[in-house]
J.: 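I am attaching a structure below and will ask some questions about it afterwards.
Whatever order the structure lists them in is the order used to number ligands and atoms, beginning at 1. Nothing here was measured: the structure is a model prediction, and the numbers come from that model.
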Amino acid sequence: MTFAAGEPAMLFPAIEHRHRDLRNYPHGVAFMDGQYLPMWEAKVSVLDWGFLHSDATYDTVHVWNGRFFRLDLHVDRFFRGMEKLRMKLPYSRAEIESVLSTCVALSGHKSAYVEMICTRGGSPTFSRDPRQAENRFIAFAVPFGSVANKEQLERGLHVAISNTVRISPKSVDPAIKNYHWLDLVKGLFDAYDYGAETALIVDTNDNIAEGPGFNVFTVKHSSLKTPSYRVLPGITRQTVFYLCHELNLSVTACDVNRDELKSADEVFITSTAGGIMSVTKVDDNSIGNGKVGSVTRRLTDLYWQKHTDPEWSTLISYE
Ligand SMILES: *Cc1c(COP(=O)(O)O)cnc(C)c1O
């Protein structure tokens with residue numbers, strides 16, 4: 001393509017404009033390579049194996065009304081993931097917790113989505129040997145984000161079950177929170193093609209596994225079930241186990257097939273990004289009476305109440 005004189009200059013303002021929009025969104029603070037940065041300046045090298053090979057682990061914790069929710073469990077899972085992937089950082093657990101708090105405090109957000117990431121990084125000598133890589137730590141705090149928007153939370157989500165099979169635990173350990181998302185993203189496109197809002201994908205036996213960044217539960221005669229195979233053991237999922245105990249509800253981690261999901265009294269999904277979120281339609285079946293169910297509601301209310309419990313939350317100092 002050729003440009004007449006003057007044309008590139010005319011193209012420029014449009015490009016500049018787009019960059020300016022990206023600059024301010026989302027508003028947040030990151031920490032990388034030893035320093036705090038505005039979110040838009042936190043950029044990773046295209047040579048980082050985290051980018052080139054999805055060779056990374058991460059965790060996401062949220063902040064609600066100025067308090068981290070279950071920070072210790074998220075940091076535990078992050079450290080377990082790094083150990084399994086043989087990654088090492090020059091930061092202690094206490095230092096990482098302090099970096100996360102500082103990102104939130106500098107951002108000023110009272111409700112935030114906070115991510116900690118360890119990538120393989122790269123080798124200074126371009127060695128292909130992952131043992132030679134210098135691992136990279138990145139953290140950031142941005143405004144709180146949810147899988148479901150306000151309207152979807154009130155009426156319940158429409159989920160489609162995709163035929164996409166979740167990657168085998170023999171290939172990628174699902175307990176390591178990771179960016180192997182091609183199966184989940186394919187599931188999402190299948191769901192959109194179907195006219196649904198999000199997706200669940202299956203395991204090799206065609207049982208339900210999980211969705212893009214969330215676990216799933218069914219409620220039948222006040223008993224709960226959640227898949228146990230090929231899923232990330234979510235911290236919100238674990239929290240639901242505790243809440244069920246408190247509410248005297250029975251809950252089992254076991255296989256859940258398509259029919260059980262479609263004929264359940266209630267269905268909900270769980271994620272740090274949004275908490276407990278009702279599903280009122282699976283494929284073209286309405287769940288229960290098509291409204292947010294009473295067990296889901298009780299669990300959701302207790303879940304949000306726990307956000308001020310000092311045993312489950314950590315106050316952030318914004319000074
Ligand atoms: C993060 C994640 C979840 C949900 O886990 P939480 O700890 O509850 O946020 C579920 N599935 C996958 C694949 C995830 O990455």
J.: Trp64 and ring-ring contact (aromatic ring centres under 6.0 Å, His included): which single residue from Phe69, Trp304, Tyr303 fits?
T.: Trp304
J.: Pairs of nitrogen or oxygen atoms closer than 3.5 Å, one from Thr236 and one from ligand 1: do any exist?
T.: yes
J.: Measure the distance from atom 5 (O) of ligand 1 to every protein heavy atom, then report the residue, atom name and distance (to 0.1 Å) of the closest one.
T.: Gly234 CA, 3.4 Å
J.: Can you classify the ring geometry of Phe137 versus Phe78 as parallel (below 30°), tilted (30 to 60°) or perpendicular (above 60°)?
T.: tilted
J.: What part of Tyr179, side chain from CB on, backbone N/CA/C/O, both or neither, has a heavy atom under 4.0 Å from ligand 1?
T.: neither
J.: According to a 4.5 Å side-chain heavy-atom criterion applied to Ile, Leu, Val, Met, Phe, Trp and Tyr, with indirect links allowed, do Tyr113 and Ile269 form part of one hydrophobic cluster?
T.: no
J.: Would you say Val279 ends up clustered with Phe217 if hydrophobic residues are merged whenever their side chains have heavy atoms under 4.5 Å apart, either directly or through other cluster members?
T.: no
J.: In plain terms, say whether Lys306 and Glu246 are close enough for a salt bridge, that is, a side-chain N and a carboxylate O under 4.0 Å apart.
T.: yes
J.: Taking 4.0 angstrom as the limit and counting only heavy atoms of Arg166, give me the atoms of ligand 1 inside it, by number and element.
T.: 13 (C)
J.: So which protein heavy atom does atom 4 (C) of ligand 1 come closest to, and at what separation?
T.: Gly213 O, 3.5 Å
J.: Which residue owns the protein heavy atom closest to atom 12 (C) of ligand 1, what's the atom, and how far is it?
T.: Glu210 OE1, 3.5 Å
J.: For side-chain contact (heavy atoms from CB on, under 4.5 Å), just list the numbers for Cys244 and Leu299, CA-CA rounded to whole Å, side-chain angles, deciding distance to a tenth of an Å, and then say yes or no.
T.: CA-CA 8 Å; Cys244 282; Leu299 286 165; 4.2 Å; yes
J.: Would one find an N or O of His74, backbone or side chain, under 3.5 Å from an N or O of ligand 1?
T.: no
J.: Which protein non-hydrogen atom lies closest to atom 9 (O) of ligand 1, naming both residue and atom, and how far is it?
T.: Thr272 OG1, 2.6 Å
J.: Could you see which bit of Arg70 sits under 4.0 Å from ligand 1, with heavy atoms only: side chain, backbone, both or neither?
T.: neither
J.: Does the distance from a Lys or Arg side-chain N to an Asp or Glu carboxylate O, for Asp55 and Arg120, drop under 4.0 Å?
T.: yes
J.: Go through it in stages, so that I can follow the logic: the residues are Thr218 and Glu260, the test is side-chain hydrogen bond (donor to acceptor under 3.5 Å, both in side chains), and I'd like the CA-CA distance, side-chain angles, deciding distance and then a yes or no.
T.: CA-CA 8 Å; Thr218 59; Glu260 280 176 285; 5.9 Å; no
J.: Can Glu197 and Arg155 be said to form a salt bridge (Lys or Arg N to Asp or Glu O under 4.0 Å), step by step?
T.: CA-CA 12 Å; Glu197 294 162 321; Arg155 67 159 156 83; 2.6 Å; yes
J.: So if I count the atoms of ligand 1 from 1 in the order they appear, which ones are less than 4.0 Å from some heavy atom of Tyr58?
T.: 15 (O)
J.: Note the single closest protein heavy atom to atom 1 (C) of ligand 1, along with its residue, its atom name and the distance in Å.
T.: Lys177 NZ, 1.4 Å
J.: Going by distance only, is there an N or O of Gly211 that falls short of 3.5 Å from an N or O of ligand 1?
T.: no
J.: Please check whether Arg77 reaches ligand 1 - meaning an N/O of the residue sits under 3.5 Å from an N/O of the ligand, judged on distance alone.
T.: yes
J.: Give me the residue, atom name and distance of the protein heavy atom closest to atom 7 (O) of ligand 1.
T.: Ile235 N, 2.7 Å
